[in-house]
Amino acid sequence: MTVDQTAVLTTYARAARAAHPALTALDQLSGDGDFGDNLCEGLDWAVAAVEARPVEPATAVAAAVFLDRVGGTSGPLIGLLFQELTRALSAAEDDWAGGVREGLAAVQRVGEAEPGDRTMVDALVPARDALAAGRSYADVAEAAIAGAVGTAAIRARRGRAAYVGERAVGAPDPGAMGLALFFWSLAVVAEPDAGLPAPEEVVPMPGE
Amino acid sequence: MTVDQTAVLTTYARAARAAHPALTALDQLSGDGDFGDNLCEGLDWAVAAVEARPVEPATAVAAAVFLDRVGGTSGPLIGLLFQELTRALSAAEDDWAGGVREGLAAVQRVGEAEPGDRTMVDALVPARDALAAGRSYADVAEAAIAGAVGTAAIRARRGRAAYVGERAVGAPDPGAMGLALFFWSLAVVAEPDAGLPAPEEVVPMPGE
Amino acid sequence: MNQLFLPAAEPVDIALRGFARAHPGLVTLHEDPLHVTAVHRHPDRRVGLVSGGGSGHEPLHAGFVGRGMLDAAAPGRIFASPHNRQVYEASRHAAGPDGVLHVVKNYTGDRINFGIAAERLRADGIPVRRVLVDDDLATESDETATGRRGTGATAVVEKLLGGAADSGLGIDELAALGAEFVAASRSVAVAGRAQTSPARGGTAFELAPGDVEYGVGIHGERAQVTVPRPSFDDLVERMTGQVLDALPATNDDGVILFVNGLGATTLLELYAVHETVAGLLDKRGATVAGRLVGSYVPALDMSGFSVTVTALRPGWLTWWDAPSHTPAFPRQELPR
Amino acid sequence: MNQLFLPAAEPVDIALRGFARAHPGLVTLHEDPLHVTAVHRHPDRRVGLVSGGGSGHEPLHAGFVGRGMLDAAAPGRIFASPHNRQVYEASRHAAGPDGVLHVVKNYTGDRINFGIAAERLRADGIPVRRVLVDDDLATESDETATGRRGTGATAVVEKLLGGAADSGLGIDELAALGAEFVAASRSVAVAGRAQTSPARGGTAFELAPGDVEYGVGIHGERAQVTVPRPSFDDLVERMTGQVLDALPATNDDGVILFVNGLGATTLLELYAVHETVAGLLDKRGATVAGRLVGSYVPALDMSGFSVTVTALRPGWLTWWDAPSHTPAFPRQELPR
Ligand SMILES: Nc1ncnc2c1ncn2[C@@H]1O[C@H](COP(=O)(O)OP(=O)(O)O)[C@@H](O)[C@H]1O
Ligand SMILES: Nc1ncnc2c1ncn2[C@@H]1O[C@H](COP(=O)(O)OP(=O)(O)O)[C@@H](O)[C@H]1O
Ligand SMILES: [Mg+2]
Ligand SMILES: [Mg+2]
Ligand SMILES: [Mg+2]
Ligand SMILES: [Mg+2]
């Protein structure tokens, strides 16, 4: 059964909007506060672009939008994920596993972040591994969410996370949470009966 | 009868030394005070160079020294006078008239000063005219001195003299007095019995 | 309080238009996204050379676009990395049959944006390699993971790579050579006055009278050390010594000496520095085989200068001396 | 407090040595008296072109020595006229079969020292003529006998004369042409910060925050007017208008536009000025046929820029575009 790319994208856009206040608050704690805007704007633009160009694969449209127009460190990195998903899905039907594997590899080549550096990589790595193991999409989403939530405990010693220091410990990394929502959306479309929690519960406001 | 160039030069050097305090005081009134130094140093160097290279005409040696080594506006201008004297005297024996005429022309081409501008030109013009009229060297000297002394009355409206303004009125231009001493020296060598006043009397201290 | 003379809106775009207008036979302007490409290219060149980075370092990089050096450059805003789309489009324009080589100064933003562009190019099937320039000794430390900054050596590396690319080398050979050029190059910079802050006007940071920043960068960050200004000779000797000590032993192939102005420093000063460094190199037995003196990698209008030395290996000098036809890099052959 | 990075003793001599060392194939240094001469000369050139003036305006004039431009240059101390002996010896080296043409910026000291050198050359039997450059509109006044200062147009005039001299013209033709080049050229300059005082350090004069000097010269003298800084566009428009209004009506031959930095002003700013002036010229129907953008006639490290326009006549553009091989003036032919 093929998972509908366009449905995943629109679901992701809705989920990100629902989590926007929490994503913004998380990036205010550990960064400059624009992650929620970057992600939501990018997804809204992508959804609009897909509506305007329905023949192109949704992931290809999203890749172009995120790579070309979305700001912040996260924007183009998410664009790379969509780019590799496009390649994988056009080469082999439903190869989300290959797309995430290659997307993560590109994100790491470019961003040079390792697991444990308190970045979106901490959501992507468990998702990739769960996909590679052939687990259900709901399991994949849960693995990504767990990886993202786990960043709350990290006081990174190196990389950009090091600048943040103690201040951010206790709240998770916004980018990791934002990427977890992608796998949540994939699962909601692929396995609508899995009974996943709402996006606001996946990404709660920090301190609540 | 040929007037001995070397004797004129050494006489000029001695006369300038005698008038050095007054020349310095005059340039302090209307300029930066270095005219006495410039003239005396230049003449001393020239005398020494003539002693070292006795075969060359004294005016040629003085021209090179003043053009190459003497500072201030006056130094190289005096060098031009010596240069043209060299050309005239080597072309026609004792042609001091031609040398002064051409020297003055060069000084004016370069310095662009007119008579009445309160410069050395005000000593050179009456000297040139007296020489052209075939007058005695003593008369030439007196004409030059009178021209130089006359600059004391000038409150120039244009050129560099204009900067000085009222402050300098009453005392003559140092460059004009310094050049008058040249014609005084020429006369003393050419007509030793003419009974000219001493250099200190030709260039009295201002205010005395 | 000084302010830059720049239009309020889109200063970089307007300046780049003025740049392209001034050099119509050499470069072509592309406005969306902003980048410039070379009009002419050596017939033997197989790999497109692309660089870029924050603006405020002109003539770097756009001034080095042209036959013999870069095939394209992507300028970011002042002191800010270019967008990956600029690098991507510049690279697509510039790619040769053997792909694209990116010359990247070592700054996080530049690494990421060039990296993303490289991923996009690879997705398009275009081979991409990178030469990372990290020559600045002031940022050499075992503690920082970010490594040495990329500064003055960039101009030297771009010229050497240009000459090498015109000799027909392939992308892997060029990437390897580029890494060697960088490894053979070290720089150090001092400043006597900070650059004008583009945002607020006035100097970006204040120095106590009589102090200099030793080991300053090109983005207006302060140096790690502020020292009382040494005499001219002592300062130049300290800088030269530091650079030479950090380089592999120079040999018979000699060195390239690059004295770079940081913006407000006059050619009179730079040539005096050049003369003094050259004298010190003489004493150390290092032959200066190539020279460059001028403000080629400035930090806006900072007062100061950097000294870069590149220890040459056999064959490199040919590439340094090869003719180049760019707006800003001087390399001309006399008519025979 | 900023200070220049210069050796305490003989800065100009040391810098000029460093300059000659940096450009060994183009210029030859002579130390007593100080001047530089060109290594190469166009075979058709019959008249030596010699210029000079105070130092602190580099690359003017030494940077313009070489095939296609000047045959020799004599640098004075900072902001001080060269000694007549420097000009004399430079001219003797540079004289062609048809003599020497002096290009002199209109300053009393330069006029006198070049004049004395000319008298000496004439005494040696060498024909000498002079082109006096007086392009600066800020000093245009019926009241001063000294006339307009010589500023930015000097670079343009030296390039045009270089091209004309290489076409084999004689000294009288060149002197007449030079006067026409000057008559067709006008400049105006603004500054946002004074240059560093070479003697004391610090800025040579202070400007109130937000003010600019309008009509500033290149020797660090203040302008006659200090005005609140207009917007970038208004400032450039005022300058362009003043220059164009002072020129003879431009015709189909177009103009040369020269945007010159006064020392600390960045290429980013100069190219933005260039773009803006070029837009205004377009509107006025003046075709820009030749362009030059850079700090070619600075006033040490002053922050500011000048705009020079030369209204071309038939044939002049060929001389402007003719190749030149000098350390600083960019004019290159592409390989065919
Ligand atoms: N080098 C990196 N590799 C992977 N992800 C990164 C890297 N740097 C930052 N991120 C992710 O980007 C997120 C911040 O994105 P965003 O706010 O858009 O960027 P910026 O920090 O530039 O404002 C972080 O929470 C982190 O997950
Ligand atoms: N343009 C000129 N033409 C002729 N003589 C001049 C001119 N300018 C100055 N002088 C003479 O030079 C004298 C000053 O000489 P000096 O003190 O050596 O020069 P400076 O003024 O440069 O210190 C003046 O008293 C005047 O006679
Ligand atoms: Mg952010
Ligand atoms: Mg941000
Ligand atoms: Mg004096
Ligand atoms: Mg004096």
Side-chain angles (χ1 to χ4, degrees), chain C residues 1-8 11-12 14-19 21-22 25 40 55-56 58-59 63 67 78 190 192-193 196 201 209-210 229 231-233 235 263-276 278 291-293 298 300-301 303-305 323 325 327 330 332 334-335, chain D residues 1-8 11-12 14-19 21-22 25 40 55-56 58-59 63 67 78 190 192-193 196 201 209-210 229 231-233 235 263-276 278 291-293 298 300-301 303-305 323 325 327 330 332 334-335:
Chain C
M1 191 184 77
N2 192 39
Q3 272 178 281
L4 297 180
F5 291 100
L6 283 176
V12 169
I14 293 172
L16 208 70
R17 259 178 241 147
F19 164 77
R21 199 195 275 263
H40 303 280
S55 291
E58 292 68 32
R67 187 178 155 129
I78 294 175
V190 294
R193 180 175 58 200
T196 302
R229 181 185 280 253
S231 77
F232 177 84
D233 287 331
L235 178 64
T265 292
T266 62
L267 274 174
L268 196 70
E269 296 164 275
L270 298 180
Y271 280 124
V273 172
H274 178 246
E275 179 63 15
T276 309
R291 311 155 193 84
L292 184 64
V293 182
L300 282 176
D301 62 350
S303 294
F305 63 93
H325 299 77
Q332 221 175 348
L334 277 167
Chain D
M1 191 182 78
N2 192 38
Q3 272 179 283
L4 297 180
F5 291 100
L6 283 175
V12 170
I14 292 171
L16 209 69
R17 258 177 244 148
F19 164 77
R21 198 196 277 262
H40 303 280
S55 291
E58 292 67 30
R67 185 177 158 131
I78 292 175
V190 293
R193 179 175 59 200
T196 302
R229 181 186 279 251
S231 76
F232 177 83
D233 287 331
L235 178 65
T265 293
T266 61
L267 274 175
L268 196 71
E269 296 165 275
L270 298 180
Y271 280 123
V273 172
H274 178 247
E275 179 63 16
T276 309
R291 311 155 193 86
L292 185 64
V293 182
L300 281 176
D301 61 350
S303 294
F305 64 93
H325 300 77
Q332 221 175 348
L334 277 168

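Letters A, B, ... are given to chains in the order of the sequence lines, protein chains preceding strands, and every chain is numbered from 1.
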Point to revise | Contacting region of D:Leu270 [heavy-atom separation from chain C under 4.5 Å] | key: neither

Review point. Most heavy-atom pairs under 4.5 angstrom with chain D, which of C:Ile78, C:Val293, C:Leu4?
Key: C:Leu4

**Study point:** Residue, of C:Phe305, C:Phe19, C:Tyr271, that accumulates the most heavy atom pairs under 4.5 Å with chain D
**Key:** C:Tyr271

Exercise for review: Please state whether the side chain, the backbone, both or neither of C:Pro59 comes within less than 4.5 Å of a heavy atom of chain D.
Suggested key: both

Check your understanding: Where does C:Thr196 contact chain D at under 4.5 Å (heavy atoms): side chain, backbone, both or neither?
Key -> side chain

**Study point:** For chain D, the option from C:Ser231, C:Ala22, C:Pro327, C:Gly56 that forms the most heavy-atom pairs under 4.5 Å
**Key:** C:Ala22

Revision key, fill the gap. Value for CZ (C:Phe5) from OG1 (D:Thr265), rounded to nearest 0.5 Å, stands at 6.0 Å

Review point. By side chain to side chain contact (heavy atoms under 4.5 Å, CB included), which residues pair with D:Glu58, not counting sequence neighbours?
Key: C:Leu267, C:Leu268, D:Ser55

Practice item. Heavy-atom pairs under 4.5 Å with chain C are the metric here; pick the option from D:Pro7, D:Gly63, D:Gly210 that has the most. Key: D:Pro7

Revision key, fill the gap. The side chain to side chain contact (heavy atoms under 4.5 Å, CB included) partners of C:Glu275 (sequence neighbours excluded) come to D:Ile14, D:Arg17, D:Arg21

Exercise for review: Pick whichever of D:Pro298, D:Ala8, D:Ser303 has the most heavy-atom pairs under 4.5 Å with chain C.
Suggested key: D:Ser303

Exercise for review: Pick whichever of C:Pro323, C:Ala278, C:Gly263 has the most heavy-atom pairs under 4.5 Å with chain D.
Suggested key: C:Ala278

Exercise for review: Please flag which part of C:Leu235 lies under 4.5 Å from any non-hydrogen atom of chain D: side chain, backbone, both or neither.
Suggested key: side chain

Exercise for review: Examine whether an atom of D:His40 lies under 4.5 Å from a heavy atom of chain C, and if so say whether it belongs to the side chain, the backbone or both; otherwise answer neither.
Suggested key: side chain

Review point. Does C:His325 offer a backbone N or O that forms a donor-acceptor pair with the side chain of D:Gln332 under 3.5 Å?
Key: no

Exercise for review: Tell me, out of D:Pro11, D:Pro209, D:Gly192, D:Gly201, who's got the most heavy-atom pairs with chain C below 4.5 Å.
Suggested key: D:Gly192

Review point. Do the side chains of C:Asp301 and D:Arg193 get nearer than 4.5 Å, heavy atoms only?
Key: yes

Exercise for review: For each of C:Asp233, C:Leu6, C:Val12, tally heavy-atom pairs with chain D at distances under 4.5 Å, and name the one with the top tally.
Suggested key: C:Leu6

Check your understanding: Contact part of C:Arg291 toward chain D, heavy-atom cut-off under 4.5 Å: side chain, backbone, both or neither?
Key -> side chain

Study note, to complete from the structure: Separation between CD (D:Gln3) and CZ (C:Phe232), nearest 0.5 Å, reads 12.5 Å

